[in-house]
Amino acid sequence: MTAIEDAEAATADHQPLVNELLRFKTFAELRDSAFYQAHRSAFAQLLGEPRVYHAATATPRLAAFLRVVMWNIERGTHLDAISDILNHHPVIGHADLMLLNELDDGMVRSGNRNVALELSRRLQSHAIYGVEYLELTKGAGNELRLPGANTAALHGNAILTRHAFAAPQVVQLPRCENNFESAERRLGGRIGILTDLEVGGVRFTAATTHLDVVNTPRCRARQMRAMLEALDARIAARGLSRRAIIGGDLNTHTFARGTRLRAMKNTALILGSRPRKLAQRLARPIRREPAIGEFARFGYTIADCNDAQATARSVVSRLDDSRSLPPPLRWWIKRRVGPEGLTLHPRLDWLAARGLRALRAGEVVDPATGVASIDPQTFSGLTDRGRALSDHDPIVVDLLIE
């Protein structure tokens, strides 16, 4: 397995490539073109090889146990405040394994910064970055009107750690969305990132993934199954133990999306449900989201690694593209939800462990720092000058590595 190292990965400008890609209206047209065939190996490297940023002074902050944070940081737009939380929050600041989703590299909407590299430097943590998409636009909604131009135009996920790691790998997942032909045009697809991690002489696998938000729960389950199968195949090939920790935004909102009929059904269900019943459905989606059930099939536990809180916020007017709905239904929605919209609170983010024990509050105390283990928790309400740092909340679990 190869990886693109440090400076080489931090200097790319893909706008000439993006301009060529924009000439093609459909992915089928692109795939059959001489241009695609000529650049096929470059696309494979861009989307299939991890980018690794080493931190020369990376030093774990805890020795008695491993604190893990999983967080979708919504592109890293509030990078300064996010890095401050990851560095100095009384709980999150002691995490030596950070499983992060939605990190931009060279996007106008996040200041054209390489978010993974910046976090690596600020947190003194090694970073492994996997590219999901080469972005062909500036994003969605108001982002399209931002001044300036993208540079690297990349978006993906990352694993950051202060522990020794080896053999980082990107896994490409089954496709649920045709992003190349959507309004927010992209080349690529959902991925997972895997790496060996060594803590206290014990080696195990750490992984993160981000499943599709559109399409169906069944398709998300296929993506999750492919991720866990790839993880087990890696473990078998490398002769490793089955110990593993995986976390990610699994987009377990319980709805099928992506068509006009689905949008109408979802709107009727949301606006016709009792608030308490709808809240329970969104915060406890296990029965309706088979992707979560895949963990048990592969021997993982989720009950010990997660609390029962919602982890994200979605405005109902954005749950599906309202332009796909008939005008009378759009009018009814506007009257029903009001100008501010109806905010939903689903649990989209999860951690799961196999062969590693999740600790409870006060069970273990790190002798050097006096930091005690905590129960698995969701940390809500993190803001920067009154604005949420992300549309997702970070979740934390403490693991005993033995």
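Here the structure is a predicted model, which means the values were calculated and not measured.
A donor-acceptor contact closer than 3.5 angstrom is absent between the side chains of Asn215 and Arg175. With 3.5 Å as the limit, one finds a donor-acceptor pair spanning the side chains of Asp349 and Thr311. Counting only N and O atoms by type, the side chains of Asn150 and Arg109 include no donor and acceptor under 3.5 Å apart. Using a 3.5 Å distance cut-off with no hydrogens or angles, the side chains of Ser273 and Arg281 do not pair a donor with an acceptor. Judged purely by distance below 3.5 Å, without hydrogens or angles, the side chains of Asn179 and Glu177 pair a donor atom with an acceptor atom. Side chains of Asn157 and Tyr129: no donor on one and acceptor on the other come within 3.5 Å. In summary, the side chains of Asn101 and Asn72 do not present any donor paired with an acceptor at a separation below 3.5 Å, with no hydrogens or angles considered. Between Arg288 and Thr254, the side chains place no donor N or O within less than 3.5 Å of an acceptor N or O (distance only, hydrogens not considered).
Using a 4.0 Å cut-off between charged nitrogen and carboxylate oxygen, Arg297 and Glu294 count as a salt-bridge pair. At a threshold of 4.0 Å, the pair Arg225-Glu229 does not count as salt-bridged, since none of the basic side-chain nitrogens sits closer than that to a carboxylate oxygen. Ion pair Arg203/Glu198 flagged as a salt bridge, since at least one NZ, NE, NH1 or NH2 atom sits closer than 4.0 Å to an Asp/Glu carboxylate oxygen. A salt bridge does not link Asp304 to Arg357: none of the charged nitrogens lies less than 4.0 Å from a carboxylate oxygen.
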Before giving the answer on side-chain hydrogen bond (donor to acceptor under 3.5 Å, both in side chains), spell out for Thr216 and Arg257 the whole-Å C-alpha distance, their side-chain angles and the decisive distance to 0.1 Å. CA-CA 6 Å; Thr216 65; Arg257 296 176 54 187; over 6 Å; no
Side chain to side chain contact (heavy atoms under 4.5 Å, CB included) between Thr378 and Asn306, worked out: CA-CA 8 Å; Thr378 299; Asn306 303 272; over 6 Å; no
Can you list the steps and then say if Asp80 with Arg122 is a salt bridge (Lys or Arg N to Asp or Glu O under 4.0 Å)? CA-CA 9 Å; Asp80 293 341; Arg122 297 181 188 201; 2.7 Å; yes
Verdict with reasoning, Ile159 to Leu97, per side chain to side chain contact (heavy atoms under 4.5 Å, CB included): CA-CA 7 Å; Ile159 295 176; Leu97 177 59; 3.7 Å; yes
Take Asp212 and Arg222 through the test salt bridge (Lys or Arg N to Asp or Glu O under 4.0 Å) and record every step on the way to the result. CA-CA 11 Å; Asp212 271 320; Arg222 288 201 300 271; over 6 Å; no
Could you walk me through whether Arg313 and Asp391 satisfy the salt bridge (Lys or Arg N to Asp or Glu O under 4.0 Å) test, starting with their C-alpha distance in whole Å, then the side-chain angles of each, then the deciding distance to 0.1 Å, before giving a yes or no? CA-CA 6 Å; Arg313 293 156 297 284; Asp391 54 358; 5.9 Å; no
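Here the CE-CD distance, from Met107 to Glu135, works out to 4.5 Å after rounding to the nearest 0.5 Å. How far OG of Ser380 is from CD of Gln309: 7.5 Å, rounded to the nearest 0.5 Å. For the atom pair Ile82 CD1 and Asn87 CG, the distance stands at 12.5 Å (nearest 0.5 Å). Distance OG/Ser120 to CD1/Ile128: 10.5 Å, rounded to 0.5 Å. Atoms CZ and OG1, from Arg61 and Thr369 in turn, are 11.0 Å apart once rounded to the nearest 0.5 Å.
Across Ala95 and Val69, no two heavy atoms sit closer than the pair CB-CG1, 3.8 Å. Taking each heavy atom of Ile191 and Ile193 in turn, the nearest pair found is CD1-CG1, 4.2 Å.
Pairs of residues two or more places apart, or lying in two chains, that qualify as salt bridge (Lys or Arg N to Asp or Glu O under 4.0 Å) and include a residue from residues 21-34 are Glu20-Arg23.
Within a 6.0 Å sphere centred on CG of Asn142, other residues, nucleotides and ligands contribute 12 heavy atoms or fewer. Residue-environment remark: CZ (Arg40) stays at or below the threshold of 12 foreign heavy atoms within 6.0 Å.
Note on ring orientation: taking the six-membered ring where Trp is involved, the planes of Phe43 and His39 are tilted (angle from 30° to 60°).
Under the 6.0 Å distance and 45° angle rule, Arg185 counts as a cation-pi partner of Phe180. For the pair Arg190 and Tyr133, the cation does not sit on the ring face, since its NZ or CZ is not both under 6.0 Å from the ring centre and inside 45° of the axis.
Taking the centre of each ring, Phe165 and His54 come in below the 6.0 Å mark.
Asp104 pairs with exactly one of Arg75, His155, Arg113 by the side-chain hydrogen bond (donor to acceptor under 3.5 Å, both in side chains) rule, that one being His155.
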